[in-house]
Novice: 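First the structure, then my questions, so here it is.
A quick note: this is a predicted structure, and the numbers were derived from the prediction, not measured.
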Amino acid sequence: MTSPSPSAEEFRATWSQTWKTHLKPYLAANIVVALLSWMIGYVIGGYVMSVVLPVLLVGGMVLLHRVASRGHGLRLSPTGVEFLRRDGKIARMRWPDIGGVVLINRRTSAVIAPWGPGRAAAQLGADMFADANSGPGITGVGELLSQSQAAQQRQAGPEWVPLAEPQALNMSLAMIDRDWPKGPIGAWFRRYRPDLLP
């Protein structure tokens, strides 16, 4: 495993990640849509429309899910972790302010269970939420920057400027990479906070 570069590094969801977080949970609904559009297409335009309509609808849904999954990003630097949201806001935590790695429900950003050594006790609860599109994330104290504050930070350069009131934050890093503790994101954590990933 290579060690992370000293400058900032940005991560976005891959196609594999899009499948895990945006397509697989809705697979049953997409199959129903495909079957309904196949029947409607056959009634409207015969064999040709029975093929074209499902392909267009399911292809459009896959494209929308891909755009949604790529809308979020994660930037890691020697200062800390920044979660780049689709709406232009940024949630960020400095390395010392990260309280721990936990299992987070992606939809509600609520902590479900601990991660690491304490996770074994909560394994059953974690398995129950596996299909609810949950995964490992971080919890701690950080800042939630508005769009204008994010623009101010960009103008200030790479050095973080305090712009918002500190608050408790949960970041679902599983939205970027479900297996982030094992990959390059995990390498950043092992470099700056090795205590978080035993």
Novice: Starting from Leu36, walk the hydrophobic network (Ile, Leu, Val, Met, Phe, Trp, Tyr; side-chain heavy atoms closer than 4.5 Å) and list everyone else you reach, by chain and number.
Specialist: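 Same cluster as Leu36: Val32, Trp38, Met39.
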Novice: With side chains defined as the heavy atoms from C-beta onward, is the minimum distance between Ser77 and Ser7 less than 4.5 Å?
Specialist: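 A side-chain contact under 4.5 Å is absent here.
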Novice: Could you give all pairs that pass the salt bridge (Lys or Arg N to Asp or Glu O under 4.0 Å) test and reach residues 72-81, with sequence neighbours left out?
Specialist: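 Counting only pairs at least two positions apart or across chains, the salt bridge (Lys or Arg N to Asp or Glu O under 4.0 Å) contacts touching residues 72-81 are Glu10-Arg75, Arg75-Glu82.
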Novice: Is there a side-chain contact (heavy atoms from CB on, under 4.5 Å) between His72 and Phe83? Walk through the geometry before answering.
Specialist: CA-CA 7 Å; His72 297 293; Phe83 190 82; 3.7 Å; yes
Novice: I need the full list of salt bridge (Lys or Arg N to Asp or Glu O under 4.0 Å) pairs touching residues 150-168, with sequence neighbours left out, sorted by first then second residue.
Specialist: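 Sorted result for residues 150-168: empty, none.
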Novice: Quick check for you: to the nearest 0.5 Å, what is the distance between Ile138 atom CD1 and Asp97 atom CG?
Specialist: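 Separation between the atoms: 10.5 Å.
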Novice: Report yes or no: does Glu143 contribute a side-chain atom to a donor-acceptor pair with the main-chain N or O of Ala164 at less than 3.5 Å?
Specialist: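 Between the backbone of Ala164 and the side chain of Glu143 there is a qualifying donor-acceptor contact (under 3.5 Å).
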Novice: For residues Leu196 and Val101, report the shortest heavy-atom separation together with the two atoms involved.
Specialist: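 Shortest heavy-atom separation between Leu196 and Val101 comes out as O-CG2, 3.6 Å.
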Novice: Decide side-chain contact (heavy atoms from CB on, under 4.5 Å) for Val81 and Phe189; before the verdict, give the C-alpha distance in whole Å, the side-chain angles of both, and the deciding distance to 0.1 Å.
Specialist: CA-CA 9 Å; Val81 180; Phe189 276 78; 4.0 Å; yes
Novice: Hey, does the side chain of Gln153 reach the backbone of Gly157 with a donor-acceptor pair shorter than 3.5 angstrom?
Specialist: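 Yes.
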Novice: Hydrophobic side-chain clustering at under 4.5 Å (ILVMFWY, transitive links): who's grouped with Ile90? Put none if nobody.
Specialist: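 In the cluster with Ile90 are Leu84, Leu145, Val161, Leu163.
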Novice: According to the salt bridge (Lys or Arg N to Asp or Glu O under 4.0 Å) rule, which pairs have a member within residues 33-51, sequence neighbours left out?
Specialist: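 Listed by first then second residue: nothing to list.
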Novice: Counting N and O atoms only, with roles assigned by atom type, does the side chain of Arg86 sit under 3.5 Å from a partner on the main chain of Gly73, one being a donor and the other an acceptor?
Specialist: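 Judged by distance alone, no pair lies under 3.5 Å.
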Novice: How far does CG of Leu144 sit from CE of Met93, to the nearest 0.5 angstrom?
Specialist: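 These two atoms lie 10.5 Å from each other.
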Novice: Using distance alone, with no hydrogens and no angle criterion, decide if Trp188 and Glu9 have a side-chain donor and acceptor under 3.5 Å apart.
Specialist: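 Yes.
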Novice: For a quick test of reading the model, state the closest non-hydrogen atom pair linking Leu169 to Ala91 and the distance between them.
Specialist: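 Reported closest heavy-atom pair: CD1-CB, 4.2 Å.
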Novice: Looking at Ala150 and Gly88, what are the two nearest heavy atoms and their distance?
Specialist: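 Closest pair (atom of Ala150, atom of Gly88, distance): CB-O, 3.8 Å.
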Novice: May I have the list of side-chain donor-acceptor pairs in residues 41-62 shorter than 3.5 Å, sequence neighbours left out?
Specialist:
| unit_1 | atom_1 | unit_2 | atom_2 | d |
| --- | --- | --- | --- | --- |
| Ser50 | OG | Tyr47 | O | 2.7 |

